[in-house]
Number of protein chains: 2
Amino acid sequence: MDLVTEKQSTIRKSSVSLIDCDVHPFLSSLDDLVPYLDESCQKQLNIGKFKSEFLKSQNNGGFEFPKGRYGNPGHVLRMDAIPQDGSIPGTDPNFLIKDLFDRYNHTYGILNIGHGTMAAYHNTNLAVEYTRAINDWLYDTWVESDQRFKMTMEVTPVDPYESVKEIQRIGRKPGIVGINLRVINIPFGKKHFWPIYEIAEEYGLPILVHPDAEGTSEYSAGQAIGPESTYIEWHSTLPIIAMRQIPSLVFEGVFERFPKLKFAFIEYGFAWLPHLMWRLDKNWKGLRQDVPWLKMPPSDYIRRNIRIGTQPIEEPFKPNHLLELIQMINAEEMLLFCSDYPHWDGDNLNRIFLRFPDELKRKIFYQNAVDTFRL
Amino acid sequence: MDLVTEKQSTIRKSSVSLIDCDVHPFLSSLDDLVPYLDESCQKQLNIGKFKSEFLKSQNNGGFEFPKGRYGNPGHVLRMDAIPQDGSIPGTDPNFLIKDLFDRYNHTYGILNIGHGTMAAYHNTNLAVEYTRAINDWLYDTWVESDQRFKMTMEVTPVDPYESVKEIQRIGRKPGIVGINLRVINIPFGKKHFWPIYEIAEEYGLPILVHPDAEGTSEYSAGQAIGPESTYIEWHSTLPIIAMRQIPSLVFEGVFERFPKLKFAFIEYGFAWLPHLMWRLDKNWKGLRQDVPWLKMPPSDYIRRNIRIGTQPIEEPFKPNHLLELIQMINAEEMLLFCSDYPHWDGDNLNRIFLRFPDELKRKIFYQNAVDTFRL
């Protein structure tokens with residue numbers, strides 16, 4: 001992508017309404033959370049008046065925010081999204097509005113906080129407090145600043161009990177449009193998560209799934225077999241997470257018990273969908289005794305209850321093949337446009353949907369999101 | 001499949017030469033291995049003159065052959081493949097010749113022993129002895145009985161040192177056409193396996209990968225995230241293994257170091273290939289600094305060095321879509337016909353390739369196997 005050229009001359013605002021289902025705001029520092037945490041938590045997180053540079057400098061002394069194992073050889077954030085004051089991309093709502101919303105004519109951008117790795121943190125009680133704080137910070141600082149900002153709220157996947165409490169606390173607030181459920185080492189179909197699904201369905205909130213906590217702690221999910229060596233290997237195999245969770249959800253009967261609940265899998269691409277739908281349907285024909293609670297083929301549940309973010313969009317050897325693939329499985333109403341701003345591998349809506357018919361673009365850019373999120 | 005009808009009237013012998021790359025012979029019992037094991041091993045395996053019914057009846061007392069976690073609600077073997085004497089399907093070479101080879105006019109059937117779960121057994125030394133014994137049993141009992149039988153030899157993936165010794169011992173024998181490398185919890189790209197790859201390339205033997213040892217022991221590979229609940233969920237997510245191993249092999253540079261080495265992934269289906277090739281190529285464009293040893297796009301390595309079994313073939317909503325998918329990625333020379341006889345989910349070559357052009361069928365049924373295995 002030659003963004004410089006684009007900035008100079010060829011910016012085309014979207015002619016249809018646009019809902020961007022994956023926009024990442026970031027904290028400038030953990031200190032932003034001081035007003036939202038009690039003194040005990042501030043001390044544990046080594047922030048605010050309790051911050052100790054001595055502790056921080058000691059190996060294993062102070063709190064370390066959990067990080068992923070793999071370093072992007074470039075940077076995970078776009079260099080051209082750095083504001084003029086040199087601050088971190090995604091930390092300034094006003095800059096983001098200018099750099100993203102004004103450029104492409106966004107109707108809404110759905111915020112997904114770019115600090116999800118606490119979801120699999122070993123100190124679950126601290127993770128719960130952090131989750132509460134970051135939800136309130138995001139709401140106050142972003143959602144209340146501009147009506148175009150909507151947000152998915154965080155929960156703590158290791159702790160469904162507290163997740164339900166958190167949804168009860170803020171889940172009815174306008175501007176909160178979904179629940180961000182991070183991936184841990186328990187498949188999403190298991191009963192562990194059903195209390196969350198019950199209240200999510202009741203509140204009309206979809207579950208959003210997005211990579212972040214993989215490989216950060218003992219509660220993290222693995223991408224099959226064993227550790228990846230490099231960032232490229234890790235990133236390339238992320239879609240396995242979606243391909244593993246969807247059969248778990250379908251076969252455990254989540255969508256029989258919660259027929260109105262939608263799951264949006266964001267940032268896993270989607271060209272694996274034909275394989276998955278075909279294989280699951282074929283297996284269901286031969287093995288349905290294993291899952292007698294299913295009343296229709298797996299692909300029908302997938303089409304009804306699963307939504308998929310477009311990003312990072314696969315790039316076929318011939319451009320038209322992506323459209324053909326979507327048509328093969330009637331996935332027109334499953335796809336949600338995601339820019340992933342300001343991440344390095346974001347998709348530019350001026351470049352990647354050129355060959356899609358207008359009616360399909362209207363669905364991907366707008367209608368499917370309206371039908372999924374509680375907007 | 002209505003096999004009765006087929007048996008009565010509609011059997012069509014293949015008009016092209018046919019190589020079946022996945023045929024499963026079985027031991028009648030572990031006692032078949034007595035002539036191939038020393039007394040210490042016989043005692044450990046509780047077979048031969050050392051067999052103790054008392055030990056066998058004791059919980060945790062005698063040896064238990066490692067089993068998969070998931071029970072097929074039907075049976076993993078085809079009921080119609082049971083010989084008239086009621087013995088286990090796949091145990092009688094003469095019956096298999098009649099029931100499979102004579103029916104479809106097989107040129108060769110490549111045998112893959114249907115007892116692979118020892119590959120991830122915790123007692124590695126015993127697994128090595130078992131591997132040696134079963135290779136010799138298979139060679140003597142099957143390969144020497146009919147020139148249509150070819151075999152892949154087993155190695156012990158946890159133990160590359162002994163694997164190399166075993167390949168040195170029998171890897172040059174005519175009739176041994178590849179190496180069966182079972183999946184364990186170390187990705188195939190890691191250096192752990194490179195001694196095996198080095199000798200495999202030298203001997204002209206491809207590596208064959210096939211499910212079996214998943215979920216049987218602590219050395220087993222997982223299919224991402226956490227345990228499946230049911231056989232249908234486990235079986236549906238098996239292709240994840242291939243989708244995880246291929247990026248590992250490509251990005252670690254296995255095919256730069258061993259350019260003539262071929263990997264055949266058998267029994268994972270193949271409709272996920274477009275997604276995988278497109279995603280890996282896109283990521284390589286952005287992240288090639290991570291893997292500077294790669295000299296061409298990942299899809300070029302995949303097309304050159306990876307082969308994929310057709311079974312269990314995905315069944316699209318419209319039959320022609322499978323062919324379109326193959327053409328999207330120029331995979332015509334990657335596919336190998338596999339019947340998976342006598343397993344429950346085998347594909348019948350009279351039914352599933354009807355719409356494929358003759359030239360493609362010739363490749364899938366014959367030429368691609370000739371170009372892959374040391375026949």
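Chain identifiers are assigned alphabetically (A, B, ...) following the order of the sequence lines, protein sequences preceding nucleic acid strands; residue numbering begins at 1 within each chain. Computed from heavy atoms alone, side chains included, the values below leave out hydrogens, waters and symmetry copies.
Contacts between A:Leu276 and chain B at a heavy-atom distance below 4.5 Å are absent for every atom of the residue. Heavy atoms of B:Lys282 lying under 4.5 Å from chain A belong exclusively to its side chain. B:Pro298 does not touch chain A: none of its heavy atoms, backbone or side chain, sits under 4.5 Å away. With a 4.5 Å cut-off on non-hydrogen atoms, B:Pro316 touches chain A through its backbone and its side chain both. Both the backbone and the side chain of A:Tyr231 come within contact range of chain B, each with at least one heavy atom under 4.5 Å from a heavy atom of that chain. Contacts between B:Ile232 and chain A at a heavy-atom distance below 4.5 Å involve backbone atoms as well as side-chain atoms. Looking at B:Ile246, there are no atoms closer than 4.5 Å to chain A (heavy atoms on both sides), in backbone or side chain. Using a 4.5 Å cut-off between heavy atoms, B:Ser220 does not touch chain A at all. Proximity to chain A is absent for every atom of B:Glu214, based on heavy atoms less than 4.5 angstrom apart. Only the backbone of B:Ile184 comes within contact range of chain A, with at least one heavy atom under 4.5 Å from a heavy atom of that chain. Interface remark: B:Asn330 contributes no atoms to any contact with chain A (heavy atom separation under 4.5 Å). Proximity to chain B involves both the backbone and the side chain of A:Ile240, based on heavy atoms less than 4.5 angstrom apart.
Between atom CH2 of residue B:Trp344 and atom CE of residue B:Met79 there is a gap of 12.5 Å, rounded to the nearest 0.5 Å.
For A:Phe258 and A:Phe263, the ring centers sit 6.0 Å or farther from each other.
Ranked by heavy-atom pairs shorter than 4.5 Å toward chain B, the options A:Gly74, A:Pro274, A:Pro227, A:Ala221 are led by A:Pro227. Chosen from B:Lys190, B:Arg244, B:Gln223, the residue pairing most often with chain A at heavy-atom distances under 4.5 Å is B:Arg244.
Between the side chains of A:His343 and A:Asp22, not a single donor N or O lies within less than 3.5 Å of an accepting N or O. If you check the side chains of B:His275 and A:Glu314, you find a donor sitting under 3.5 Å from an acceptor.
Two residues are said to be in side-chain contact when any heavy atoms from C-beta on lie closer than 4.5 Å; A:Pro247 and A:Leu280 meet this criterion.
Between the side chain of B:Arg303 and the main chain of B:Ile329, a donor-acceptor pair closer than 3.5 Å is present. Using a distance-only test at 3.5 Å, with no hydrogens or angles considered, a donor-acceptor pair links the side chain of B:Trp194 to the main chain of B:Gly189.
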Handout entry: side-chain contact (heavy atoms from CB on, under 4.5 Å) between A:Val250 and A:Phe255, worked out
Key = CA-CA 6 Å; A:Val250 169; A:Phe255 302 127; 4.2 Å; yes

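Aromatic ring pairs are classed by plane angle as parallel below 30°, tilted from 30° to 60° and perpendicular above 60°; the pair B:His24 and B:His210 is perpendicular.
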